[in-house]
Amino acid sequence: MADPSSYRPRPGEIPDSPGVYRFRDEHRRVIYVGKAKSLRQRLANYFQDLANLHPRTRTMVTTAASVEWTVVSTEVEALQLEYSWIKEYDPRFNVKYRDDKSYPYLAVTMNEEFPRVQVMRGHKKKGVRYFGPYGHAWAIRDTVDLLLRVFPVRTCSAGVFKNAARTGRPCLLGYIGKCSAPCVGRISPEDHEELAEEFCDFMAGRTGTYLRRLEKQMMEAAEEMEYEKAARLRDDIEALKKAMEKNAVVLADATDADLIAVAEDELEAAVQIFHVRGGRVRGQRGWVTDKVEEITTGALVEHALQQLYGEETGDSVPKEVLVPALPEPALPVQEWLTGRRGANVSLRIPQRGDKKALMETVQRNAQQALALHKTKRASDLTTRSRALEEIAEALDLDSAPLRIECYDISHLQGDDVVASMVVFEDGLQRKSEYRRFQIKGFAGQDDVRSMHEVITRRFKRYLAEKEKTGEWADGSGAEDSPTDGDSALTGAEVLTGTDALISSLKDDEGRPKKFAYPPQLVVVDGGQPQVAAARRALDELGIDDIAVCGLAKRLEEVWLPGDDHPVVLPRTSEGLYLLQRVRDEAHRFAITYQRTKRAKRFRAGPLDDVPGLGETRKQALIKHFGSVKKLRSATIEQIQEVPGIGRKTAETIAAALATAVPAAPAVNTATGEIIEEEEPETTAGSSGEPVTAGLPDERRGQET
């Protein structure tokens with residue numbers, strides 16, 4: 001590990017002008033490339049106290065052994081040079097978008113004597129017109145098959161073309177009218193090239209003029225009683241319309257635009273691009289990247305633009321590029337795009353209308369792409385095993401933590417304080433083991449105290465279950481057992497040991513007991529204070545065989561009890577990725593419960609305070625009377641008419657409604673007049689909705 005001060009340039013050496021800089025390691029390999037409006041100010045940020053640097057930046061500057069720079073005239077030149085160097089050196093610390101496939105394009109080889117329509121992947125070639133990219137090659141072939149009856153352009157390979165020319169017989173497409181057969185001289189090179197140009201114009205979105213021309217020719221043929229020609233033109237028009245229907249109109253006025261959306265977390269980012277031409281979505285593509293450097297959304301967008309348009313020119317760069325956040329500064333990037341296109345390019349964030357709605361669709365695609373990427377990564381058995389081993393090594397555990405429990409506290413300004421417990425076994429979610437807690441020991445906001453209470457309550461239950469099984473010699477403390485504490489009890493549905501122990505972990509009906517399984521690792525969402533509170537709670541209960549750590553969200557640092565400095569896992573660590581997934585799931589589960597609990601409190605009605613009145617009888621009362629207001633004015637005898645309501649219950653209901661404060665009357669703010677209205681119907685859901693309503697993933701989580 002190098003000391004950045006050993007290669008820091010002397011004062012005054014770095015120019016105060018735009019430029020591009022490179023960090024090299026001890027083997028002279030370029031590990032990072034960056035650009036700056038002022039090289040002096042930017043590079044000075046790298047040579048400050050290491051404690052003030054972001055962990056990823058700190059890793060980069062300590063890996064580097066030298067830095068060099070190149071001065072340019074403008075920020076646009078800096079952007080171009082940065083892209084060239086990133087492409088040339090492939091630096092390990094730069095953002096690099098990756099994808100698991102090469103997207104196919106519809107290509108027209110206008111550089112050949114007889115242009116050919118085909119599917120192409122990989123690098124683009126000079127003199128070839130490209131349309132797309134498409135998600136699947138079959139989508140291109142379906143479109144081409146529809147268009148060939150109208151634009152019978154050559155689609156065969158060079159070998160097939162030469163063989164047909166040698167024998168004087170065209171291929172099958174030539175016989176059925178889906179190829180103009182230039183191989184046997186049915187069409188001249190000039191006419192075939194014009195046909196290919198018309199095909200390109202149609203694919204570029206200039207469809208209206210061509211359709212109107214065909215419709216005019218069809219009408220003229222019908223008037224001249226050339227019905228066969230008119231029928232053929234009619235079929236051509238239908239084929240073109242069918243091809244156009246494959247891409248619905250999403251933007252009016254035949255807009256040409258690319259929409260770029262970014263979904264990200266602390267470790268990774270997914271980018272989705274929709275290519276809109278002529279108001280229709282003509283193609284879609286996406287990338288995923290590791291965030292190996294401290295980077296903003298605007299910077300991610302800038303890198304995406306470089307990769308997307310770095311080798312494009314002319315119409316391949318659209319008139320309008322819509323993004324979720326602008327690069328900082330945005331003007332050089334916009335000028336660079338304008339230079340690539342050769343005409344003005346608008347780079348902006350959509351604010352309203354159809355473009356904003358379409359951007360939301362692209363954003364959802366990006367979020368789904370990131371979630372799918374994470375799911376694929378998490379479902380790999382080898383990756384999960386490596387993640388657990390890395391966690392065990394980083395935290396100095398005796399064995400891999402096959403069962404991990406994570407806790408998070410959630411509240412809204414101190415109200416409705418709740419906590420969540422999520423469980424991962426063998427690196428996978430175990431939703432049937434999720435639990436939820438209401439903080440009961442105190443009122444107000446204190447995350448540390450809340451964490452202490454939750455850990456205490458959870459492991460008191462564990463000790464109580466353990467005592468019932470007879471695993472303790474007495475009730476004063478936990479003792480080692482030949483079968484307790486082994487990871488064999490906590491793998492993903494893999495249980496070993498005696499049948500007696502297995503049955504002891506189940507209740508009388510054979511269901512697993514709520515807190516019978518101990519974890520090997522407890523993770524808390526937070527830093528040093530939360531970790532200390534969790535460790536103190538376990539120590540007070542006499543539990544010393546369960547490891548504790550915390551994951552601080554700001555810098556993704558892992559904190560251990562009693563340590564003044566965090567454990568910083570490598571950026572590419574699968575262990576860090578697993579800990580992040582566990583922490584994020586605990587946060588999601590906690591905040592979902594907290595929001596539901598708060599919504600239930602806001603929707604609470606006067607019938608909720610009636611003791612012994614369940615949901616079924618609440619619904620019966622509202623159905624019978626129509627509203628709470630009418631129920632409040634009813635007599636006890638009238639309430640008794642409701643099925644299931646006896647005299648005593650009716651008296652209780654009448655007393656509760658009499659003491660309840662009715663809702664304030666509505667007031668016309670213009671005249672000050674009080675508006676007499678019936679109370680809205682109150683359903684059982686609004687007066688006593690279950691906590692888990694509308695939360696399918698959380699229905700199995702139990703409140704404790």
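Residues take their numbers from the sequence shown, with the count starting at 1.
- In terms of the salt bridge (Lys or Arg N to Asp or Glu O under 4.0 Å) criterion, residue partners of Asp258 (sequence neighbours excluded) are, by chain and number, Arg277.
- Between Leu560 and Val531, the shortest heavy-atom distance links the atoms C-CG1, 3.9 Å.
- Under the side chain to side chain donor-acceptor pair (under 3.5 Å) criterion, the residue pairs touching residues 41-50 are Tyr21-Tyr46, with sequence neighbours excluded.
- For the pair Leu576 and Leu551, the minimum side-chain heavy-atom distance is below 4.5 Å.
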Leu308 vs Val271, side-chain contact (heavy atoms from CB on, under 4.5 Å): CA-CA, chis, key distance, verdict: CA-CA 11 Å; Leu308 190 59; Val271 174; over 6 Å; no
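- Looking at heavy atoms from C-beta onward, Glu585 lies in side-chain contact with Tyr434 at the 4.5 angstrom threshold.
- The salt bridge (Lys or Arg N to Asp or Glu O under 4.0 Å) test applied to Arg364 returns no partner, not counting sequence neighbours.
- Among residues two or more places apart in sequence or in another chain, the side-chain contact (heavy atoms from CB on, under 4.5 Å) test is passed with Glu389 by none.
- For Glu82 against Gly34, the heavy-atom pair with the smallest separation is OE2-CA, 3.9 Å.
- For Glu68, the side-chain contact (heavy atoms from CB on, under 4.5 Å) partners two or more places apart in sequence, or in a different chain, are Arg22, Arg24, Arg28.
- Residues passing the side-chain hydrogen bond (donor to acceptor under 3.5 Å, both in side chains) test with Glu390, sequence neighbours excluded: Ser573.
- Using a 4.5 Å heavy-atom cutoff, the side chains of Lys126 and Asn111 are not in contact.
- Residues Val321 and Pro318 have side chains in contact (heavy-atom distance under 4.5 Å, counting atoms from C-beta outward).
- Heavy atoms of other residues, nucleotides or ligands lying less than 6.0 angstrom from CD of Glu393 number 12 at most.
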Side chains of residues 336-344: which donor-acceptor pairs under 3.5 Å do they make with residues two or more places apart or in other chains?
unit_1	atom_1	unit_2	atom_2	d
Thr338	OG1	Gln334	O	2.9
Thr338	OG1	Val345	N	3.3
Arg340	NE	Glu312	O	3.1
Arg340	NH2	Gly310	O	3.0
Arg340	NH2	Glu312	O	3.2
Arg341	NH1	Val317	O	2.6

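- When side chains are defined from C-beta on, Leu331 counts as touching Glu335, because their heavy atoms get closer than 4.5 Å.
- The CG atom of Leu578 sits 10.5 Å away from the CG atom of Leu569 when rounded to the nearest 0.5 Å.
- With sequence neighbours excluded, the residues satisfying salt bridge (Lys or Arg N to Asp or Glu O under 4.0 Å) with Asp25 are Arg29.
- For the side-chain contact (heavy atoms from CB on, under 4.5 Å) test, residues two or more places apart in sequence or in another chain that qualify with Ala78 are Val20, Lys35, Val72.
- Legend: residues meeting side-chain hydrogen bond (donor to acceptor under 3.5 Å, both in side chains) with Thr297, ordered by chain and number and at least two apart, are Glu264.
- The salt bridge (Lys or Arg N to Asp or Glu O under 4.0 Å) check on Glu328 picks up nothing, with sequence neighbours excluded.
- For the atom pair Arg116 CZ and Thr155 OG1, the distance stands at 7.5 Å (nearest 0.5 Å).
- Using a 4.5 Å heavy-atom threshold, the side chains of Asp408 and Phe589 count as separate.
- Put simply, the side chain of Asn365 gets close to the backbone of Thr361: a donor and an acceptor are under 3.5 Å apart.
- Side-chain atoms of Thr57 and Tyr32, non-hydrogen and from C-beta on, never get closer than 4.5 Å to each other.
- Classification of the Phe47-Phe23 ring pair by plane angle, with boundaries at 30° and 60°, yields tilted.
- A 4.5 Å side-chain heavy-atom check between Pro566 and Gln528 finds every atom pair outside the cut-off.
- Listed by chain and residue number, Pro9, Arg10 satisfy the side-chain contact (heavy atoms from CB on, under 4.5 Å) test with Glu13 (two or more places apart in sequence, or in another chain).
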